[in-house]
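What follows is a short report on a single structure.
In the text below, chain A, chain B and the rest are named by the order of the sequence lines, each starting its count at 1. What you see below is based on every heavy atom in this structure, not just the backbone, and it leaves out hydrogens, waters and symmetry mates.
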There are 2 protein chains.
Amino acid sequence: MQQHLTTIIDIARQLGISKSTVSRALTGHPNVNTKTRQRVLELAEQLDYQRNQLAISLLTNQTRTIGIMVPEFISFFFPKVIIGAQEVLAEAGYNVVICHSNESYETEVANAKALLASRVDGLIVSHTKETRNFDHFRVFQRRGIPVVFFNRVCEDMNVSKVTVNDYDGAFQAVEHLIQTGKRRIAHLAGPDSLPNSRNRLNGYRDALRKYGIDEEPELIISYDLTLEKANIYVNHLLNLPQPPDALFTINDPTAIEALQVIKNRGLRIPDDIAIVGFSNDPISALVEPGLTTVAQPISEIGQQSAHLLMEQLADKEQMKPARTVVLETQLIVRGSTVQGK
Amino acid sequence: MQQHLTTIIDIARQLGISKSTVSRALTGHPNVNTKTRQRVLELAEQLDYQRNQLAISLLTNQTRTIGIMVPEFISFFFPKVIIGAQEVLAEAGYNVVICHSNESYETEVANAKALLASRVDGLIVSHTKETRNFDHFRVFQRRGIPVVFFNRVCEDMNVSKVTVNDYDGAFQAVEHLIQTGKRRIAHLAGPDSLPNSRNRLNGYRDALRKYGIDEEPELIISYDLTLEKANIYVNHLLNLPQPPDALFTINDPTAIEALQVIKNRGLRIPDDIAIVGFSNDPISALVEPGLTTVAQPISEIGQQSAHLLMEQLADKEQMKPARTVVLETQLIVRGSTVQGK
DNA sequence: CTGTTAGCGCGTTCAC
DNA sequence: GTGAACGCGCTAACAG
């Protein structure tokens, strides 16, 4: 039941003037008779006139819309990043289109195409765990549309990026476990394809090395970030002849899944086995015992991503050199590593 | 650093044919020589041609984009609804633009304007707790753009809606509390302005009445859904001369906040005080004791919303009559009401 | 201060 | 099977 929407031509006709004048009046161009402008504005209001952004975008070749694509937004992390980015972007007059790839490479490619077709002015993205080929993002670059990666970043692309110091966060986490007397520290790591996963693994390794603890291959398990697998691997670790006395996981949801498994087995946390997660999701403060975790400045990741994007957007002429911002993490100690905390 | 994007004219020129033919070849029009089509398709691929959706939308007066606006998407509920809706919409070839109003009426109005300007074909929305005036949504109706409300619905607008049976869910929750021997059952209710909040309150009341329990005004507190306030009111309730022996809250985050407060005070759950929430957020299974709660079919709310919207979208000519879908809830019993569950 | 003209990229008549 | 012309709604350049 589409009906006719009033255009500047309607207004022009009714007022017996040209549409150019109407356009000027509406956009606040200085060279318009005050009285004429007044009449235009009134009639526009009365006719419920609304600018057609589509036409303007077609004309100016910019939509003032930014695409944000994340692998999922059920967990706390990504929504919070999006909100941080949105704050900054809205301030600057940009609209935001949010997509989630559902951790599927195919969906990611399809979304990228859709965003390209709708002519977003820029893209902020954290890719799926499956993504190996980044051509669907390179298309944006080739078109002169700035791209910013965060959290999961493509190392081979020369674009701006926002990450946290994953290495250091992991190092702190493991050092903390060692300092509380743990020696057989397991690590549920993320997929090797993700740089942040690799960095955390390196932090884990170096912390062990610093304290002269030999790395036990059987205690390091890379997995695909699904909770079902986490469950399986935690049980596997606990069933080892020499089970670990501590567990450092790639993220909080995994840690909390582990926490459930361990509690159900009747083991004591942290005495029998201590746990450290990564992210400081609010839920980590709610479980029992509270989860020790490496806090990331989540909102700030979004804000910085937006800033870096707008930096690129600022001067279209001479693409600014890409920048990488690395934010610091902070260890939050709770009951899963220190009794009574 | 915008550069020239290849258009159908570029392709036409290079092939020495007219842009009409290129257009036809690209859109799969039957009346095109197979060979010509082949050449067009090849060159398009080679030139990295991408249709300009903007131009098409301007021409056809439809964007195949649906706006979804929610008050927030940090908690589990709204993201999950969005994903449900998106599944159905994507299947039908629609893109989705997600907005969140951050529980602010002003932001909601601004977002509505932006969605209108970007010419979405339809709108799925759950409004803020502040919203009393719905004119910014009525504009869509007036323009012939279908609107579907879910969860928080405007009772005065004649549009399709998706809700759950809030009354019944609340009734079951309170009946369950009574059947476990509770008598002084408090209710942390949502704002009066929200119909679902009122319906849950009514369910609470009628359950009490059915069992001949007098309603105690001091045990019913409406509040603004912020966790700080929840904290204050829970403490207030516990400080009453005769504190409640059970608490039914408007949603799960509130119930979990209450659970923390109660545990910190050293009270036993459920013996001293039992708790029931509403929604069955995953977190309710993770806290200790597990939270008894009223489960909503969250994904289905999104899916149904999308279906109702597409029903309206289907025949533009004669607006179909609006429909309201009410989905059923289910009580999930956990340790916060039954010891050892 | 205002009107005329052109064109953004595309699909769609209507001719041939 | 193909091409020329038109128009979606708007802004900008140019000419008064």
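Looking at B:E108 and B:T131, their side chains do bring a donor and an acceptor atom within 3.5 Å of each other.
Contacts with DNA chain D (heavy atom under 4.0 Å) in residues 31-46 of chain B: B:N31, B:V32, B:N33, B:T36, listed by number.
Considering every non-hydrogen atom in both B:Q312 and B:A322, the closest pair reads NE2-CA, 4.0 Å. Taking each heavy atom of B:S101 and B:T128 in turn, the nearest pair found is OG-CG2, 3.2 Å. Scanning all heavy atoms of the two residues, the minimum distance from B:F73 to B:P79 falls at O-CG, 3.5 Å.
Between B:I66 and B:L309, some side-chain heavy-atom pair lies under the 4.5 Å cut-off. Considering only heavy atoms from C-beta on, B:T324 stays 4.5 Å or farther from B:V153 through its side chain.
Atom CD1 of residue B:I68 and atom OG of residue B:S126 lie 11.5 Å apart, to the nearest 0.5 angstrom.
Using the six-membered ring where Trp is involved, A:F137 and A:F140 have ring planes that are tilted, between 30° and 60° apart.
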Can you give the donor-acceptor pairs under 3.5 Å from side chains of residues 89-100 of chain B to other protein atoms, not counting sequence neighbours?
{"from": "B:H100", "atom 1": "NE2", "to": "A:Q86", "atom 2": "OE1", "distance (Å)": "2.9"}

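Note on the helix from C:dC1-D:dG16 to C:dC16-D:dG1: angle between the axes of the first and last five pairs equals 50°, rounded to 10 degrees.
By the side chain to side chain contact (heavy atoms under 4.5 Å, CB included) test, B:R37 is found to be paired with B:A25, B:V32, B:L41, residues two or more places apart in sequence or in another chain being considered.
If you check every strand for non-hydrogen atoms under 4.0 Å, B:I17 touches sugar and phosphate atoms only.
Applying the ring pair (Phe, Tyr, Trp, His ring centres under 6.0 Å) test between B:H127 and each of B:F150, B:F134, B:Y105 identifies B:F134 as the sole match.
Residues A:R152 and A:E72 are not paired through a salt bridge, judged by the lack of any N-O separation under 4.0 Å between the basic side chain and the carboxylate.
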Treat primed atoms plus P, OP1 and OP2 as sugar-phosphate and everything else as base, then score nucleotides 5-12 of chain C 5' to 3': B for base contact with protein heavy atoms under 4.0 Å, S for sugar-phosphate contact only, - for none. BBBBBBBB

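Protein chain B contacts DNA chain D over a range whose 5' and 3' limits, counting nucleotides with an atom under 4.0 angstrom from a non-hydrogen atom, are D:dG1 to D:dG9.
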